[in-house]
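These notes concern the structure reproduced below.
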Amino acid sequence: MPKDKFFKVIENKVHPGEKLVPTHCSYCGMQCGMNLRVDTKSNTIIGVEPRYDWPVTLGKMCPKGVTAYQQTNHPDRILKPLIRDNPALKGTKEGFREASWDEAYDLIARRFKEMQAQYGKDSLSVFSGVSMTNEKCYLTGKFARVALQTRYIDYNGRFCMSSAAAGFLRTFGVDRGSTLPWTDLHETDCLFIAGSNTAECHPTSMFRVWEVQSRGGYLIVADPRETPLARRADIHLDLRPGTDLALANCMVNLLIQGGYADEDFIREHTGGFEEMVEVVKEFTPEYTSEITGVAPEKLIRAAEIYGKAPEAVVLFARGIEQQHKGADNVSGYTNMPLVTGKIGRPKSGVATFTGQGNGQGGREHGQKSDLLPGYRKITNPKHVEEVCKVWGITPEEMPQPGVSAYEMFELMEQKTIRGLYLLCSNPAVSAPNLNFVRKVLKGLDFMVCSDMYLSESAEFADVVLPSVTWSEDEGTVTNLEGRIIKINKAQEPLGESKPDWQIAVELAERLGRGKYFSHLKTASDVADEFRLASKGGYADYYGATWDKIEKQDGVFWPCKDENDPGTPHMFLDKKFYHPDGKAKLCALPYRPPAEEPDETYPLRLTTGRVVYHYLSGNQTRRIPFLLDMCPEPYVEVHPETAAKYEIEHEERVRLRTRRGECIYKVKITEAIRKDTVFVPYHFGHEDSVNLLTIPALDPMSRMPEFKVCAAEIDKLGVERPNGQADTAGSKKAEKEAVHL
Ligand SMILES: Nc1nc2c(c(=O)[nH]1)N[C@H]1C(S)=C(S)[C@@H](COP(=O)(O)OP(=O)(O)OC[C@H]3O[C@@H](n4cnc5c(=O)[nH]c(N)nc54)[C@H](O)[C@@H]3O)O[C@H]1N2
Ligand SMILES: Nc1nc2c(c(=O)[nH]1)N[C@H]1C(S)=C(S)[C@@H](COP(=O)(O)OP(=O)(O)OC[C@H]3O[C@@H](n4cnc5c(=O)[nH]c(N)nc54)[C@H](O)[C@@H]3O)O[C@H]1N2
Ligand code: SF4
Ligand SMILES: [Mo]
């Protein structure tokens, strides 16, 4: 890849007694380049330096990145397997004892075999995550299908990227999160960003955003909150949560009305235009303003800016995707570049901000209930046959498709699923409707959790297995551009912790399925089999060898063989992946959120992130600097709304929905709509906002509607609507007094 204008050669200084191990951050999809500083005497990680030579992030990191190294030798690491003999203590931190790997494996194998003998193969389930390398994600899928022989596997990307995936698949026939490399972004003329808190969630993209404006280009932001990104925008479309589809349809309508449609492109490279026009034509600025609450003039101006820009990129993130019409929102916004022909060339296109470090690769290779490696479908006999050849099983042995992440919890309640192997995810904090999810986790016959720290979910486990951190293993991940990059090992695993691929191999042996796994002795062995398994799928990684990744600063998929340099820009030949080679313009009638405000619950609750914490917070709440900066959750309330409720800044209030209630400190801010409140979701136990969220699932992507439900605020100390006296606030105060 050519280097861009920001690239400067700055040599990293290596201090005596140290070496630098080039790698990438453990957290978000930006995958900033970093060098871990390793003390050569003790061979331990002691710090971090930015990697100025990494072309995507050029030495930039955020507060999480600069402290990420503190995870590795953290005193909270689990150093040996833990077993809990007394199931009555499930749901607490109590009752665990340290055990040997042999004892843990024997217990797991015995219980898994007993359960499958009694209730069938599908009584076991796997729930995984994508903070793992491609190799681990791949092997987790194989472990479920070949070692456990169960249909029930799904993963935390279902709560993250599944709407983007479903929307892109429908529109393009392929799901690569970005059609262009990030090194193009600052050279475009207009960024249209919807539902992304970029400055806090992908902070190292911001220098490219600012560069667009410095060059005279435009920034349009659609978000109910005035985030740091929205504050700098030329136009802030401050819509009501859950109304994006109306806004997207309006943009497309105005682009067509304004004469910005590219008729040749539409005719030659898309299908569905007429049907789409039938739907979008209703979305006049006035009608759309009624639904979204955004002033008509702003809508008109936004469409004009996007329409006039010679090059433009549409970007979005979970704000539009975590809705029960998330996939429609994705296809709706993706209609914009398709109608205007601003796609399939450098500096123009569409991208989603991939969330987790390996949110892209982790969804392509078989952790999803219906997918096999290389983005193959488990329902397609040809695909199944291709993968069976690599795995050495027969197509009859391949399990059927399972169900999505939240639906697995529903099957646990029904006792269809009785056992769980959980790795790399913390659903006791991050799943919606937690009163239900925690109850079903507690009710499982047997649960194993692999994590490097005792997470809130591990508290429900019978056996906890100590995994390594990202810095103690090697492999590849795929960043938000679709660029496959290399994570390097900087330190030997702490204590007796092991990488998840090794745990899968050893456990498969105990389950009597060793012959399918025992040849995998190193991470690189897994990589070789993984590349082969992806070969011929459309997410083809076969040519992305570790050597090539190092030489080329990463390899963009698809990369079919050793001579293929990979594919930084998608659709340069204007060929989309549907059988007719065309992209689909989608006709998407508007529908409101699953739960609209009413008299009892008059506010819209939306949830999301802050810069200092990562996801369930199980990693970042252990880092002193990050916890100091953001020690607890809060609820953002507009000053006028606060006045109406007679509540003050920093006062504790009860926030409740039809599913539960939480006590939060109030943060009064002008940066939110009057009809909306916001809570960051990174906190556990009684502080988890997911006690309140609604499990309304998108019919296509099965994504829960984390971004909108109806809520009400109660002032504490006043009588509750049901007439009972209020005690929750004083309990919290008591707890605080003890802390002090
Ligand atoms: N600091 C930090 N960075 C992270 C993460 C983290 O936990 N912390 N997690 C990573 C992961 S896995 C992910 S998925 C990404 C998430 O990255 P983002 O999607 O950017 O983060 P969120 O805070 O979930 O939501 C983004 C924005 O959506 C807005 N929003 C809420 N409802 C709506 C709506 O109905 N419509 C629109 N248009 N906007 C709405 C919110 O106000 C918020 O500003 O971040 C990644 N980066
Ligand atoms: N209300 C609300 N809820 C949300 C969201 C929201 O915006 N609002 N966002 C959703 C999104 S986008 C996401 S991505 C999910 C994320 O939800 P989770 O999957 O719960 O996210 P993490 O906190 O990353 O959980 C990963 C766990 O695995 C551990 N871990 C890290 N690396 C490894 C490894 O290599 N091996 C093993 N075995 N363990 C490891 C970590 O310590 C941590 O406990 O949350 C979703 N939930
Ligand atoms: S922006 Fe993301 S990848 Fe970069 S340092 Fe921060 S958390 Fe890590
Ligand atoms: Mo995510």
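Numbering of ligands and ligand atoms starts at 1, following listing order.
Counting the atoms of ligand 1 from 1 in the order shown, those under 4.0 Å from a heavy atom of Lys707 are 22 (P), 24 (O), 25 (O), 31 (C), 32 (N). Residue Gln322 has at least one heavy-atom neighbour below 4.0 Å for each of these atoms of ligand 2: 5 (C), 6 (C), 7 (O), 9 (N), 10 (C), 11 (C), 12 (S). With ligand atoms numbered from 1 in the order given, ligand 2 contributes 37 (C), 38 (N), 39 (N) to contacts under 4.0 Å with heavy atoms of Ser450.
Note that Lys64 lies outside the cation-pi zone of Tyr614, set by a 6.0 Å cut-off to the ring centre and a 45° limit from the axis. Taking the ring axis of Phe678 as reference, the NZ or CZ atom of Arg225 stays within 45° of it and closer than 6.0 Å to the ring centre.
Arg438 has no carboxylate O lying under 4.0 Å from a charged side-chain N of Glu456, or vice versa, which leaves the two without a salt bridge. A salt bridge is defined here as a Lys NZ or Arg NE, NH1 or NH2 lying under 4.0 Å from an Asp or Glu carboxylate O, and Arg604 with Glu596 meets this definition. With respect to the salt-bridge test (charged N to carboxylate O, under 4.0 angstrom), the residues Lys325 and Asp244 do not qualify. At a threshold of 4.0 Å, the pair Arg77-Glu496 does not count as salt-bridged, since none of the basic side-chain nitrogens sits closer than that to a carboxylate oxygen. With salt bridges taken as basic N to acidic carboxylate O contacts below 4.0 Å, none links Asp154 and Arg702. Comment: Arg609 does not engage Glu200 in a salt bridge, judged by the lack of any side-chain N to carboxylate O separation of less than 4.0 angstrom.
The closest protein non-hydrogen atom to atom 24 (O) of ligand 2 is Leu615 CD1, 3.1 Å. Protein heavy atom in closest approach to atom 31 (C) of ligand 2: Met452 CE, 3.4 Å. Looking only at protein heavy atoms, the nearest one to atom 16 (C) of ligand 2 is Tyr681 OH, 3.7 Å. Taking atom 28 (O) of ligand 1 as the reference point, the nearest protein heavy-atom neighbour is Gly319 CA, 3.2 Å. Annotation: atom 23 (O) of ligand 2 to nearest protein heavy atom, Ser616 OG, 2.5 Å. Nearest non-hydrogen protein atom to atom 30 (N) of ligand 1 is Pro224 CD, 3.5 Å. Distance from atom 26 (C) of ligand 1 to its nearest protein heavy atom, with residue and atom name: Gly195 O, 3.4 Å. Among all protein heavy atoms, the one lying closest to atom 20 (O) of ligand 2 is Ser430 OG, 2.6 Å. At the top of the distance list for atom 8 (N) of ligand 2, counting protein heavy atoms only, stands Thr607 OG1, 2.9 Å. The protein heavy-atom contact nearest to atom 44 (O) of ligand 1 is Asp223 OD2, 2.7 Å. Here the heavy atom of the protein found nearest to atom 43 (C) of ligand 2 is Asp451 OD2, 3.4 Å. Protein heavy atom in closest approach to atom 39 (N) of ligand 2: Cys424 CA, 3.3 Å.
Put simply, no part of Met161 is less than 4.0 Å from ligand 1, judged by heavy atoms. Distances from ligand 1 to the non-hydrogen atoms of Thr606 include at least one value under 4.0 Å. Using a 4.0 Å cutoff on heavy atoms, Val429 does not count as a contact of ligand 2. Residue contact annotation: Phe353 has no non-hydrogen atom under 4.0 Å from ligand 1. For the pair His682 and ligand 1, a heavy-atom separation below 4.0 Å is found. Contact between Val610 and ligand 1 is present, with at least one heavy atom of the residue lying under 4.0 Å from the ligand.
Taking distance alone, with nitrogen or oxygen atoms compared against 3.5 Å, Arg240 stays at or beyond that limit from ligand 1. By the 3.5 Å distance cut-off applied to N or O atoms, Cys28 is not counted among the residues near ligand 1. For the pair Arg225 and ligand 1, the shortest N or O to N or O distance falls below 3.5 Å. Among the atoms of Arg318, some N or O lies under 3.5 angstrom from an N or O of ligand 1. Taking distance alone, with nitrogen or oxygen atoms compared against 3.5 Å, Thr354 stays at or beyond that limit from ligand 1. Considering both main-chain and side-chain atoms, Gly355 never comes within under 3.5 Å of ligand 1 through any nitrogen or oxygen pair. For a threshold of 3.5 Å applied to N or O pairs, the pair formed by Thr198 and ligand 1 contains no separation below that value. Considering backbone and side-chain atoms together, Ala194 places no N or O closer than 3.5 Å to any N or O of ligand 1. Considering backbone and side-chain atoms alike, Gln356 places every N or O at 3.5 Å or more from each N or O of ligand 1. Residue Lys64 has at least one N or O atom closer than 3.5 Å to an N or O atom of ligand 1.
When non-hydrogen atoms are compared, ligand 1 lies under 4.0 Å from the backbone of Glu200 (N, CA, C, O) but not from its side chain. Residue Ser467 touches ligand 2 through its side chain alone, judged by heavy-atom distances below 4.0 Å. If you look at Thr469 next to ligand 2, there are no close heavy atoms at all, none under 4.0 Å. Contact annotation for Asn197 and ligand 1: heavy atoms of both the backbone and the side chain come within less than 4.0 Å of the ligand. Only the side chain of Asn690 comes within 4.0 Å of ligand 2, counting heavy atoms alone; its backbone N, CA, C and O stay farther away.
Taking the six-membered ring where tryptophan is involved, the planes of Tyr138 and Phe530 are tilted, since the angle between them lies from 30° to 60°. By the 30° and 60° cut-offs, the orientation of the rings of Tyr105 relative to Trp101 is tilted.
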Q | Intermediate values then yes/no, side chain to side chain contact (heavy atoms under 4.5 Å, CB included), Ser467 and Ser450 | A | CA-CA 6 Å; Ser467 81; Ser450 161; 3.5 Å; yes
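Near-neighbour remark for atom 2 (Fe) of ligand 3: protein N, O or S atoms under 2.8 Å are Cys28 SG; waters not counted.
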